[in-house]
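Bear in mind that the values here come from a model prediction, so they are computed numbers and not experimental data.
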Amino acid sequence: MVKVATTKLDRARVARAALDLLNETGLEGLTLRAIAQRLDVKAPALYWHFKDKQALLDEMATEMMRRMGAELLAAPDPDWRVAITAAMRGLRTHLLRYRDGAKVFSGTHYTDLSYAAPMEAMLRALTAAGFAPAAAARAWFTAYSYTIGYVIEEQATGPGARGGAEGYDLAARAERLADYPLAAAAGEEMFRGHDRGFETGLAAVVAGIGATAVIAGE
């Protein structure tokens, strides 16, 4: 049997191994040493490619973007509301494929231009719908930021997270908040039914964009 180590080690291969390991350990347990063990190499070998963990996260986020590419490059719907809603739904779906996927994605710097074509397509769709370029950029980034933030919270409180197999223990939370009945009752809305919650929030974001952006012809 040929050992894994005989395959050439490069940044993309390390990132793929890291994403596989991420689903087992979560972000806190993801170390260069653990990745090196997965690849059957010595840890110092990884430092030829990544100076630190943040550099690795940048490459992991880029690999995630590469995997999204084909779907993100689909022609956006002429209706900007439909287009941006579909794009954010797709982003959330991809992030949820990885444990702590949104945390990996947040604040990283892509290492190639795999993000550029999907972004350009969305911005073109928005400007074609009447947005000024600056308004289009703000609309896209607002929806993007909402989606990343929502999924970070969703993954932090959902099944398999610190809340355990069933997710956030709402009964224990309600007991702690017994003197604050509205805050206690809010837990059901905030920490259950993530699909519905995401759609409700996204609809509010898109409606807000439509209400505040200066759009030609509207």
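Under the 4.5 Å side-chain criterion, counting only non-hydrogen atoms from C-beta, Asp195 is not in contact with Arg89. Looking at heavy atoms from C-beta onward, Val151 lies out of side-chain contact with His194 at the 4.5 angstrom threshold. Counting only heavy atoms from C-beta outward, the side chains of Leu46 and Leu9 approach each other to under 4.5 Å.
Counting only residues at least two apart or in different chains, salt bridge (charged side-chain N to carboxylate O under 4.0 Å, His left out) contacts with residues 17-34 comprise Glu24-Arg38.
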Output side-chain donor-acceptor pairs under 3.5 Å for residues 133-143, partner residues at least two apart or in another chain, one line each.
| from | atom 1 | to | atom 2 | distance (Å) |
| --- | --- | --- | --- | --- |
| Thr142 | OG1 | Arg138 | O | 2.7 |

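Applying the side chain to side chain contact (heavy atoms under 4.5 Å, CB included) criterion to Ala128, with sequence neighbours excluded, gives no partner residue.
The hydrophobic cluster containing Tyr110 also contains Leu113, counting ILVMFWY residues as joined when their side-chain heavy atoms lie under 4.5 angstrom apart, directly or transitively. Leu177 and Phe191 are members of different hydrophobic clusters when ILVMFWY side chains are connected at heavy-atom separations under 4.5 Å.
Salt-bridge check for Arg66 with Glu63: passed, with a basic side-chain N closer than 4.0 Å to an acidic carboxylate O. Look at Glu188 and Arg173 and you find no salt bridge, because none of the NZ, NE, NH1 or NH2 atoms lies under 4.0 Å from a carboxylate O.
By the 30° and 60° cut-offs, the orientation of the rings of Tyr144 relative to Phe105 is tilted. Between Trp80 and Phe131, the two ring planes are perpendicular [angle over 60°; tilted spans 30° to 60°].
Taking NE2 of His109 as the reference point, atom CG of Leu57 lies at 11.5 Å (rounded to 0.5 Å).
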